Amino acid sequence: MEPYDHRAIEAKWQDYWEERETFATPTDRTRPKYYVLDMFPYPSGAGLHVGHPKGYVATDVVARARRMMGFNVLRVMGWDSFGLPAERQADKEGAHPRDITERNIKTFKLQLRRLGLSYDWKRELATSSPEYYKWTQWIFLELFKAGLAFQAEIPVNWCPALGTVLANEEVKDGRYVETGDLVEQRRMKQWMLKITAYAERLVDGLDSVDWPEGIKEMQRHWIGRSEGAVVRFAVADRADSFEIFTTRPDTLFGCTYCVLAPEHPLVGALTTPDQAEAVAAYRAEVGRRSDRDRMSQAVDAPKTGCFTGAYAINPVNGQRVPIWIADYVLASYGSGAVFACPAHDERDHAFARAFGLPIVRVVEGGPDVAEAAYTGDGPHVASAFLDGLDITGAKRAIITWLTDRGAGHGTIQYRLRDWLFSRQRYWGEPFPLVFRDDGTPVPVPVGDLPVALPEIAERKATEDGRPPLARAVAWMQATDPTTGLPAVRETNTMPQWAGSCWYYLRFISPDRSDVPWDREEERYWMPVDLYVGGAEHATLHLLYARFWHQVLYDLGHVSTPEPFQRLYNQGMIHATSYRDAAGRYWYPEEVEVRDGVTVSRATGVEVFPKMEKMSKSKYNVVNPDDMCERYGADAMRLYELFMGPLEDGALWETSGVAGTRRFLDRLWRLAHDEKVSASAVASRDLDRALHQAIRRVTDAVESLKFNTAISDMMVYVNEATKAAAVPAAHVDALVRIVAPFAPHLAEELWAASGHHESVTYAPWPEWDEAKLAVDLVTVAVQVSGKLRGQIDVAVDAAEADVLAAAKALPDVARWIEGKQLVREVYVPGRIVNLVVR
RNA sequence: GGGGGUGUGGCGGAAUCGGUAGACGCGCCGGACUCAAAAUCCGGUGGUUUCGCGACCUUGGGGGUUCGAGUCCCCCCGCCCCUACCA
């Protein structure tokens, strides 16, 4: 018998698949389809570590098994290749981001190829290619024409040192997280997408998809639908008024003051002269803190604020209440103003306590409202016509009252904000728009797309702070397609989220240059049946993509209301990192354990092991290429899924790969053993082990519980190894269920047993329910709930016989002797419990 | 503060309906092979106690329901992820 040489076998079959185009997407449309999709990666310079392929391996098993089950499978991979890191790397190396991106893609692709993933590489796409972003621009124009893209002057995070705008998540404590450069708020004209118009639909659509409840909940919270009322308060002694939003209009009679956001447009006008100085000082202080910093403060942070000197008239009772400004009221939510009812709102309560404002109870219940806000239900008091009603009744009554008098109305408010869609960077999609002299944006005709990214010498913002594309002076000069007059191009680019919003559609017909996707093919393949990726995309990518999809659906471009029918999040892989007291990280091979203490091998200084996310900077990454080299891609694939449930995080242990490798070695030996023959007859136990494994693996294709399915295959191989004879048909079925997990080895064994076609399209084995059945079962015998023995009985044995046999066991008789039997329980095939007193 | 998740041997994890807790793998221990080691193969492996048969304990902690609880109910504790004054 030849030894199992994983290097030769894996290289051989990877070449075979590539030459024969084994994984080309089938073209006949008579069979059922299965579209299984990985969240495509950003091709970073660091390459893959073993954490990345966990999801890819899982989807590969599903894809390969589904092919064998007779499905047409769409299994594809691409690159989310626009984005800032490539741009920064390019500046560092004096190269072009395109070249950096191409280089990184090449590395990623080689690493993925070594894992034997069954992608149809002819459908590969990259969001940064003009053939692709032509259609990203086209979708933007569809949004623009539908009135869902608009421009607004809004504050952005401007980093003067880098000459660029930064995303919110890149700024912390007023500094750029990577370099520590100061970031300031600057107002700039930005493109926005009206995602808020789809807020309701985005919430409702969640009910129709098969996603983890946690992710749905995160999206619901992000969208933040809340029902309430808008109420107009007049400013006393002035012609002005302002609107407030509240979810508790029933507590309006408990209003003792109002609060405007410091940025509220009315603040300047209504502040009285004697308060002007204090208000200006407070607003300046708040302005120094970014919105994000304000938000990141804990709820229990001390409340700050300032009285404006002005008063508002409470429309329900005509009372004059002071108007304050405070940063606990956010300008960007609702109308940027609230009425305060400190008796029944915790935030208002804290504020009232801090500034000595009155607290008036209007709902009965709870302890003294001078001590704490009461937010529970109860009969209303001191509320005129609301007295005696509960919250629901009072809300209904007050909204009717307000509506009748034109003082307010019921409404629904969303936390979701419109999507800031422009970036002042180079490496992104240019906007397909030109501006007339008067600033009117005009779409570039579809026939002229794509608007290609121009070449510029320096990819920095201009001296006067315009985006890098403003340096492409000639490129900027365009003509207005409607009038023929000169016009200038938009110099912002789209955010990285744009390309990933629709890539799953482009995979359907990536080669078509006349349409973004073929309509008939789209109807066949959509929706994505299984979408696997990290939970970190719960709110941004997955919400943006759903929004675009719903717009495309409304415009009649796609056939399904939701893009991703089933979503699954794979857990993150962690590894042990070692850090000394000074905070320096050490490589695992630099440390050792001496007398129970982990120390640096070289210096003897103590280091502290910790389980952390795999990261280059933490010196704890494990490279998949090393695993493929030492143990083989098949062993590595198995280990990735055997570690534990797919959705859980897990600690990487390279010794575990050695374990799955030993399993493959045993399988290899078994398949080559001469005890395997066409005439061999399997024992019932061996038969059952095989059919159990078939069943579990088949179920796992749906449930994604691969860890237990792999364990059942191990059980079979262990038993078959011990068996005297093994039928060839067993090995034949075994190889087929192993094939999705360890495809290279399976191909080799499949060929060795006389098959001339790839195992890829071999029929999936079926389990036989009869073979799973047992005729003799072991029944546990308990006395008063304690295990005292066990008996083997026929599955269909009569209860009386089983109980008699149980009582006859010496170890059981011992415990019931001299006692009174008060109850006898027999659960067929499982347990006997003899209760004594 | 809010939302979601989770807690089982030395470690990763099994346990379909409330029915023998610890499958499978890692690690460890013993044996075979070897001049020796590595690799490989075979066997053992929750804890305490016992020469042994066995007994007792054991699913984060405490209560409860039940003939029977890792699983159901109540209270408490720990850890992880997300979120952050959204009126």
Side-chain angles (χ1 to χ4, degrees), chain A residues 3 212-218 220-222 224-226 228 244-249 251 259 261 292 294-301 303 326-330 332-341 345-348 350-351 413-417 535-536 538-539 569 571-572 574 611 638-639 642-645 647-660 662-663 665-666 669 699 705 707-715 717-718 721-722 778-790 810-811 814 822-836:
Chain A
E213 207 40 54
I215 301 288
K216 287 191 188 185
E217 212 39 50
M218 274 191 229
R220 287 192 192 103
H221 176 253
W222 191 264
R225 180 185 197 277
S226 58
I244 59 96
F245 172 73
T246 177
T247 55
R248 291 294 302 276
T251 62
V259 188
R292 190 178 169 80
R294 268 166 65 181
M295 308 250 281
S296 68
Q297 284 172 12
V299 183
D300 42 40
K303 294 277 184 288
D327 69 354
Y328 84 90
V329 174
L330 307 174
S332 47
Y333 182 73
S335 51
V338 301
F339 89 85
C341 176
D345 181 281
E346 278 159 19
R347 295 150 302 184
D348 296 342
F351 190 81
Q413 189 65 234
Y414 296 94
R415 205 185 79 117
L416 183 69
R417 313 287 155 84
E536 64 273 18
T539 45
N569 300 119
M572 213 164 326
H574 298 244
M611 188 169 130
L638 271 165
Y639 178 63
F642 184 61
M643 291 174 83
E647 68 268 32
D648 291 355
L651 180 67
W652 183 269
E653 302 263 22
T654 297
S655 59
V657 187
T660 50
R662 275 194 281 272
F663 161 66
D665 279 323
R666 276 199 298 277
R669 278 196 303 274
D699 288 349
K705 289 182 176 147
N707 52 331
T708 50
I710 292 167
S711 122
D712 281 320
M713 292 193 287
M714 288 174 168
V715 169
V717 171
N718 289 346
T721 299
K722 288 178 204 153
T778 305
V779 171
V781 181
Q782 296 180 338
V783 177
S784 291
K786 283 205 187 296
L787 184 68
R788 297 302 179 194
Q790 50 190 33
D811 280 340
R814 201 146 67 79
V822 293
R823 188 164 174 175
E824 297 172 31
V825 178
Y826 175 53
V827 179
R830 291 202 177 269
I831 205 160
V832 166
N833 193 4
L834 304 169
V835 187
V836 294

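The shown structure was predicted, so the numbers you read here are calculated from the model rather than taken from an experiment. Labels below follow one simple rule: chain letters A, B, ... track the order of the sequence lines, proteins then strands, and each chain is numbered from 1.
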Practice problem: Applying ring pair (Phe, Tyr, Trp, His ring centres under 6.0 Å), name anything that partners A:Tyr639, two or more places apart in sequence or on another chain. | Solution: A:Trp652

Self-check item: Touch class at under 4.0 angstrom, heavy-atom based, for A:Arg225 against every strand present
Solution: nothing

Self-check item: Spacing between A:Tyr328 atom OH and B:C85 atom C1', to the nearest angstrom
Solution: 9 Å

Quiz item: In whole angstroms, how far is the P atom of B:A84 from the CG atom of A:Asp327?
Solution: 16 Å

Quiz item: How does protein reach along nucleotides 7-18 of chain B, written 5' to 3' as B (base within reach of a heavy atom under 4.0 Å), S (only sugar-phosphate), or - (no contact)?
Solution: ----SBSS-B--

Self-check item: Nearest-angstrom distance from the residue atom CZ of A:Arg814 to C1' of B:G54
Solution: 7 Å

Self-check item: Distance below 4.0 Å between A:Lys786 side-chain N/O and B:U58 OP1 or OP2
Solution: no

Quiz item: How close or far is atom C1' of B:A84 from atom CG of A:Leu330, stated in whole angstroms?
Solution: 10 Å

Quiz item: Taking the P atom of each, how far is B:G63 from B:U58, in whole Å?
Solution: 11 Å

Quiz item: Any idea which of B:C26, B:A23, B:A87 is nearest the A:Val715 side chain?
Solution: B:A23

Quiz item: Which dot-bracket string describes RNA chain B (Watson-Crick N1-N3 plus N6-O4 or O6-N4, or G-U N1-O2 and O6-N3, all under 3.5 Å; [ ] crossing; | other strand)?
Solution: (((((((..(((......[....)))((((((.......))))))((((....))))..(((((..]....))))))))))))....

Quiz prompt | Among B:C56, B:C85, B:C26, the nucleotide that comes nearest once only the side chain of A:Ser655 is considered | solution = B:C26

Side-chain donor/acceptor pairs under 3.5 Å, residues 779-788 of chain A, sequence neighbours excluded:
from, atom 1, to, atom 2, distance (Å)
A:Ser784, OG, A:Val836, N, 3.2

Quiz item: Checking A:Lys303 against A:Phe351: charged group under 6.0 Å from the ring centre and within 45 degrees of the axis?
Solution: no

Quiz item: When the P atoms of B:G10 and B:G60 are considered, how many whole Å apart are they?
Solution: 13 Å

Quiz item: Base, sugar-phosphate alone, or nothing: which one does A:Lys722 contact when heavy atoms must sit under 4.0 Å apart?
Solution: sugar-phosphate

Self-check item: Nearest-Å distance for atom pair CG/P, residues A:Asn569 and B:G4
Solution: 16 Å

Practice problem: With sequence neighbours left out, write down each residue that passes side chain to side chain donor-acceptor pair (under 3.5 Å) with A:Asn833, or none if nothing qualifies. | Solution: none

Quiz item: NA contact type, A:Asn718, heavy-atom cut-off 4.0 Å: base, sugar-phosphate, or nothing?
Solution: sugar-phosphate

Self-check item: Span that lies between the P atom of B:C24 and that of B:C79, in whole angstrom
Solution: 34 Å

Practice problem: Please determine, for the side chain of A:Val827, which listed nucleotide (B:G19, B:C85, B:A87) has the closest atom? | Solution: B:G19

Quiz prompt | Partner residues of A:Gln413 under the side chain to side chain contact (heavy atoms under 4.5 Å, CB included) criterion, sequence neighbours left out | solution = A:Ser226, A:Phe245, A:Tyr333

Quiz item: What residues form a side chain to side chain donor-acceptor pair (under 3.5 Å) with A:Arg225, not counting sequence neighbours?
Solution: A:Glu200, A:Glu227

Quiz prompt | Whole-angstrom distance between B:C80 and B:A32, as gauged at atom C1' | solution = 46 Å

Quiz item: Considering residues at least two apart in sequence or located in another chain, which fulfil the salt bridge (Lys or Arg N to Asp or Glu O under 4.0 Å) criterion with A:Glu346?
Solution: none

Quiz item: Reckon A:Gln790 touches a base, only the sugar-phosphate, or nothing at all at heavy-atom distances under 4.0 Å?
Solution: base

Exercise. Only counting residues at least two apart or in another chain, list the ones meeting side chain to side chain donor-acceptor pair (under 3.5 Å) with A:Thr721.
Key: none

Practice problem: Identify, with sequence neighbours excluded, every residue that meets side chain to side chain donor-acceptor pair (under 3.5 Å) alongside A:Glu647. | Solution: A:Tyr568

Quiz item: Counting only side-chain N and O atoms of A:Tyr333, is one of them less than 4.0 Å from OP1 or OP2 of B:A87?
Solution: yes

Quiz item: In terms of base orientation, is B:G9 syn or anti, with the syn window spanning 90° either side of 0?
Solution: syn

Quiz item: Base, sugar-phosphate alone, or nothing: which one does A:Gly334 contact when heavy atoms must sit under 4.0 Å apart?
Solution: nothing

Quiz item: A:His221 has an atom NE2; how far is it from atom C1' of B:A84, in whole Å?
Solution: 8 Å

Practice problem: Measure the distance from NE2 on A:His574 to C1' on B:U6 and round it to the nearest whole Å. | Solution: 13 Å

Practice problem: Give the rounded distance in Å between these two atoms: CD of A:Glu647 and P of B:C82. | Solution: 17 Å

Quiz prompt | Syn/anti state of B:C17 by chi, 90° boundary around 0 | solution = syn

Self-check item: Pairwise P distance, B:C53 and B:U49 [rounded to whole Å]
Solution: 15 Å

Quiz item: So which nucleotide from B:A87, B:A84, B:C85 ends up closest to the side chain of A:Asp345?
Solution: B:A87

Distances under 3.5 Å between nitrogen or oxygen atoms of protein and nucleotides 38-41 of chain B:
from, atom 1, to, atom 2, distance (Å)
B:U40, OP1, A:Arg662, NH1, 3.3
B:C41, OP1, A:Arg669, NH2, 3.1

Practice problem: Report yes if a side-chain nitrogen or oxygen of A:Arg788 is closer than 4.0 Å to either non-bridging phosphate oxygen (OP1 or OP2) of B:A55; otherwise report no. | Solution: yes

Quiz item: Looking at side-chain heavy atoms only, is the closest gap between A:Ser332 and A:Arg417 below 4.5 Å?
Solution: yes

Self-check item: Whole-angstrom distance between B:U50 and B:C56, as gauged at atom C1'
Solution: 11 Å

Practice problem: Would you please confirm or rule out a distance under 4.0 Å between OP1 or OP2 of B:A87 and any side-chain N or O of A:Ser226? | Solution: yes

Output one line per pair: protein atom, nucleotide atom from nucleotides 65-69 of chain B, and distance, for all N/O pairs under 3.5 Å.
from, atom 1, to, atom 2, distance (Å)
B:C67, OP1, A:Arg823, NH1, 2.9
B:C67, O2', A:Asn833, ND2, 3.2
B:C67, O2, A:Asn833, ND2, 2.6

Quiz prompt | B:A14 to B:G3 separation - C1' atoms, rounded to the nearest Å | solution = 30 Å

